[in-house]
Amino acid sequence: MLIKIIAKVMEMTKNFKKIEQKWQKRWAKEKIFKVNEKSKKMPYYVLEMFPYPSGRLHMGHVRNYALGDAFARFKRMQGFEVLYPMGYDSFGLPAENAAIKNKTNPKKWTEQQIKTMREQQQLLGNSYDWEREIATYNPNYYKWNQLFFLNFLKKGLAYRKKAPVNWCSKCQTVLANEQVVNGCCWRHEDTKAEEKRLEQWFFKITDYADELLEDLDTLEEWPQKVKTMQKNWIGKSHGTEVYFTEKDSGKKIPTFTTRPDTLFGVTFVVFAPEHPMVKELVAGTEHETDVLKFIEEVKGESLIDRLAEGKEKKGIALGKYAINPVNNEVIPIFAADFAVLEYGTGMVMCVPTHDQRDFEFAEKYGLQKKVVIQPKGKELNAHTMGKAFVDEGVMVNSEKFNGLGNVDAIEKISKWLEKERTGKRTVNYKLRDWLISRQRFWGTPIPIIYCDKCGAIPVPEKDLPVLLPDPSKAKFGGQNPLTTVKEFVETKCPKCKGDAKRETDTMDTFVDSSWYFMRYCDAQNKKVPFDKKIAEKWLPVDQYIGGIEHAILHLLYARFFTKALRDCGFLKADEPFKRLFTQGMVIKDGRKMSKSFGNVVDPLEIIEKYNADTARMFMLYSALPEKELEWSDKGVEAVFKFLNRVIDLVEDNKNKIGFGKIDVKKLSGVERLLLSKAHRTILNATGEIEKKQLNYAIASAARLVDELRKEKYDSADKNLRGFCIETIVKLLAPFAPHLCEELWERIRKKGFVSVAEWPKANEKFIDRKAEAGEALLERVKQDVATVKELAKINKPKTVSLFVAPAWKWKALKAIKEAVGEKPDFGGAMKAISKVKEAPKNEAPGFVKSIINKLGEYRDSVQIDEFAALKEATTQLEKDFGAKIVLEKAEKSKEAKARNALPGKPAILIE
RNA sequence: GCCCGGGUGGCGGAAUUGGUAUACGCGCACGACUUAAAAUCGUGUCCCUUCGGGGAUGUGGGUUCGAUUCCCACCCCGGGCACCA
């Protein structure tokens with residue numbers, strides 16, 4: 001017997017698999033997901049962040065794709081021409097490492113990984129237009145990276161400089177600032193980034209700092225969190241440059257501050273140790289040796305170590321002095337490790353009393369302190385204060401600014417400095433230029449040739465692409481393998497035709513992902529990266545979906561690229577992604593799925609054990625998409641059961657339903673309620689999908705499934721039941737596409753449900769009052785039954801219901817809000833009737849506002865509980881075999897006394 | 001330290017503008033079908049109770065006829081940023 005049952009489950013699973021294969025084949029054969037560029041439908045672009053081809057899918061991928069596909073399918077059914085592509089971010093270090101490990105080469109390895117990945121993705125049945133697939137390692141893709149590089153070079157957006165850079169010893173390459181997390185490499189949490197000084201290529205993202213910041217406001221449909229992170233990363237701060245002068249030479253010392261109000265309290269000035277002026281100032285003095293030693297000492301530490309939390313500041317006096325322009329005070333100059341060369345001017349004016357860092361430094365080196373801002377209610381003493389005072393207060397010791405609030409003084413002092421020409425207001429950013437050079441093989445070659453005579457010469461456009469050499473010719477394992485390929489390195493100078501060498505650094509792979517969504521628009525184009533007109537039709541991406549881990553890296557770079565390419569004339573868009581959705585992680589046992597925790601669930605096993613529709617639907621059903629999703633075997637089981645219930649429902653009905661016009665007039669009360677529920681389900685589910693509350697949308701559809709399974713509808717109108725079944729199949733189609741396609745066929749519908757028209761809710765049929773009335777009645781029945789049971793009264797003679805209608809309370813509130821008074825209940829009722837009688841156009845302002853308020857309630861659901869129950873009295877009496885007495889409990893005190901809260905009848909059994 | 005989120009049953013988590021707190025799902029209990037089991041279906045399921053009620057949405061206050069929702073203070077958890085002058 002047991003064997004039989006197992007066989008049955010197996011058969012079910014097998015059927016699902018057959019169904020899935022059948023429809024995947026048909027979709028492919030009919031090319032129903034191929035984008036029609038000539039279509040007159042509105043274009044809509046749905047995109048998931050393209051994957052790194054790591055070979056095997058993990059749950060995060062499945063969740064990402066389930067979300068994207070459901071949304072793409074939904075939009076397609078709504079009548080949009082949907083662009084929904086897939087591709088592979090296939091350059092990068094893992095390929096090189098795997099190649100070394102598996103004794104293959106990165107190209108072969110990557111191609112194999114893509115193949116595996118694509119096969120697994122196709123099992124899920126996503127509605128991609130596979131004809132637009134791209135892979136970034138392909139020369140017909142990276143060629144355009146090189147073209148963009150040359151364009152940027154021309155525009156001054158790409159440049160080379162020697163700079164301190166972050167180096168990861170494990171990756172054997174430099175990293176961008178954005179790729180350093182907590183001082184470590186973003187790929188190697190255990191490897192501290194080292195500082196090196198190298199000649200490297202940069203993209204001038206800082207030119208766009210302001211635009212990148214300001215346009216965040218236009219991204220209304222991005223998560224606030226991501227916008228905040230980007231805003232902080234750009235780190236714009238308004239401040240003032242104040243020009244101090246060196247006492248002996250009269251040299252200008254510009255310092256940057258956001259607190260010019262503390263200017264009279266400056267007691268020393270600090271230079272970043274690397275600042276060239278430090279060496280200049282001490283040259284030939286008795287301090288020179290010590291200072292140079294100090295500089296070397298600081299150089300040994302990376303910026304990250306130097307600025308680590310809680311680290312004690314250290315510095316050295318230069319033996320030189322600066323003059324404060326506002327009061328001509330002479331103050332000492334230091335070089336100190338807490339000043340950063342790249343930020344501001346690299347020189348800081350220090351006010352120990354009002355800045356904690358300055359305070360600590362002054363304490364350590366015994367420097368002067370001077371209070372210039374006093375808080376209200378207490379007096380600060382520079383000698384006894386234990387920490388800097390950084391809150392608001394009143395200016396003191398600041399000559400003509402004394403007595404002002406310090407916040408007002410910021411503006412006033414800045415203006416005064418500008419007038420005196422000893423300072424000016426400026427803006428500073430934390431954002432640094434994007435370092436794109438990587439000392440790795442598996443990336444886009446930077447199209448530059450170095451010639452001893454001519455310098456760095458860009459490769460002429462006609463010579464693009466600069467192809468990566470055959471990997472089999474390179475030696476992997478040590479430093480950049482590209483340098484080991486002679487044929488690649490040795491070349492001729494495009495200018496003088498003499499011997500020259502190619503740049504062997506390749507581009508950061510984030511360059512590849514910064515514009516791939518543009519390439520999808522015109523993926524086959526061989527002449528240009530993409531046709532301008534076509535790109536403008538699709539861009540910006542209407543819905544972008546991915547993980548929050550790219551909040552800064554990829555999303556900021558892509559925004560920069562879009563703006564830079566716009567300025568190079570490639571397209572018109574200002575922003576790449578109109579709506580961004582960041583999905584939550586998939587977790588198990590309260591923690592991230594990870595090999596080291598041993599809690600990884602392989603999505604393929606779930607597809608194998610159940611089917612793709614179940615796997616997808618579980619991903620969407622079990623949590624709000626932006627929240628964490630806790631993996632649960634039971635949850636998967638529940639989804640599988642639900643899908644089987646849907647099959648049973650359709651099977652039971654398929655020969656007993658019709659799809660003709662529903663004659664609403666002939667429907668019974670029960671049938672009309674069902675019609676109302678069906679339309680309300682459509683309305684809710686549609687709104688919920690639009691808001692990405694896909695789990696609610698599925699729950700809404702599931703409620704209609706449960707409703708329709710009730711016995712009372714067995715003999716309901718054929719066409720009505722048909723309408724409900726059809727609606728259910730359509731509503732579930734974006735989530736369980738294979739199964740719904742099959743059910744669509746079984747109820748003998750033509751074509752594919754995947755491209756059927758999304759159902760439209762007709763408000764006319766939604767009777768919220770009737771639904772609310774039904775719910776009220778159910779509640780009262782239950783309450784009465786419970787009270788009867790509790791009181792153990794078998795045959796009550798009368799049941800009294802005290803009813804205080806909720807809508808009156810709402811009206812009361814409306815009036816209170818409108819009038820701003822506290823009318824009592826009786827007064828409120830009178831006011832309502834007066835308002836109702838008053839001619840609208842003649843009513844005074846406050847009466848009009850009451851009318852408006854009441855109008856809002858008219859539009860929302862409000863039932864007269866008393867009337868609803870009165871109508872049902874006969875039925876209630878039959879149910880309970882007792883007389884039902886209804887009483888109004890209108891006044892608040894009375895209602896309370898009888899425990900009748902508004903909208904909830906109190907029951908008294910006698 | 002600063003900036004965002006968030007604290008609700010045994011669990012994951014619902015509550016559109018303040019109006020039945022705990023939707024939906026899991027788990028548990030009982031029942032139906034069955035020789036039995038599985039599957040399926042149905043019913044119940046916050047806590048206490050002297051059976052009148054009473055108490056619960058992190059804690060303490062406030063506004064209100066009525067607060068998970070609004071206001072104030074505090075505690076805890078998650079995330080981001082952090083010698084950026």
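Note that the coordinates shown come from a computational prediction; the quantities given were computed from them, not determined experimentally. We use all heavy atoms of the structure for the numbers below, so side chains are in, but hydrogens, waters and symmetry mates are not. In the text below, chain A, chain B and the rest are named by the order of the sequence lines, each starting its count at 1.
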Separation of the P atoms in B/G25 and B/G31, to the nearest angstrom: 23 Å
Please determine if a side-chain N or O atom of [X] lies less than 4.0 Å away from the OP1 or OP2 oxygen of [N].
{"X": "A/Tyr696", "N": "B/A15", "answer": "yes"}
{"X": "A/Lys627", "N": "B/G13", "answer": "no"}
{"X": "A/Arg432", "N": "B/C84", "answer": "no"}

Anti or syn - B/G55, cut at 90° from 0: anti
Assigned glycosidic conformation for B/G44 [threshold 90° from 0]: anti
Residue met sooner reading RNA chain B from 5', once A/Thr258 and A/Ile552 are mapped to nucleotides: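 This one resolves to A/Ile552.
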Residue whose closest nucleotide on RNA chain B lies nearer the 5' end, A/Ala699 versus A/Lys313: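 Counting from the 5' end, the first nearest nucleotide belongs to A/Ala699.
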Go ahead and name the base partner of [N]; Watson-Crick or wobble counts if both distances stay under 3.5 Å, otherwise write none.
{"N": "B/C81", "result": "B/G1"}
{"N": "B/A14", "result": "none"}
{"N": "B/C30", "result": "B/G42"}

Under 3.5 Å side-chain donor-acceptor pair for A/Ser700 and A/Asn684: no
Touch class at under 4.0 angstrom, heavy-atom based, for A/Lys430 against every strand present: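 The residue A/Lys430 makes base contact.
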Sugar-phosphate, base or nothing in reach of A/Phe642, heavy atoms under 4.0 Å: nothing
Minimum heavy-atom distance between A/Arg259 and A/Asn406, given as atom pair plus value: NH2-ND2, 3.5 Å
Closest to the A/Arg703 side chain, choosing from B/A85, B/A82, B/A23: B/A23
A/Lys691, nearest nucleotide to its side chain (from B/U16, B/C81, B/A85):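 Taking heavy atoms from C-beta onward, the closest nucleotide is B/U16.
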Backbone N/O of A/Val242 and side chain of A/Thr255: donor-acceptor pair under 3.5 Å: yes
Residues A/Lys692, A/Glu626: salt bridge by 4.0 Å N-O rule: no
Salt bridge A/Glu360-A/Lys387, side-chain N to carboxylate O under 4.0 Å: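 A/Lys387 and A/Glu360: not salt-bridged.
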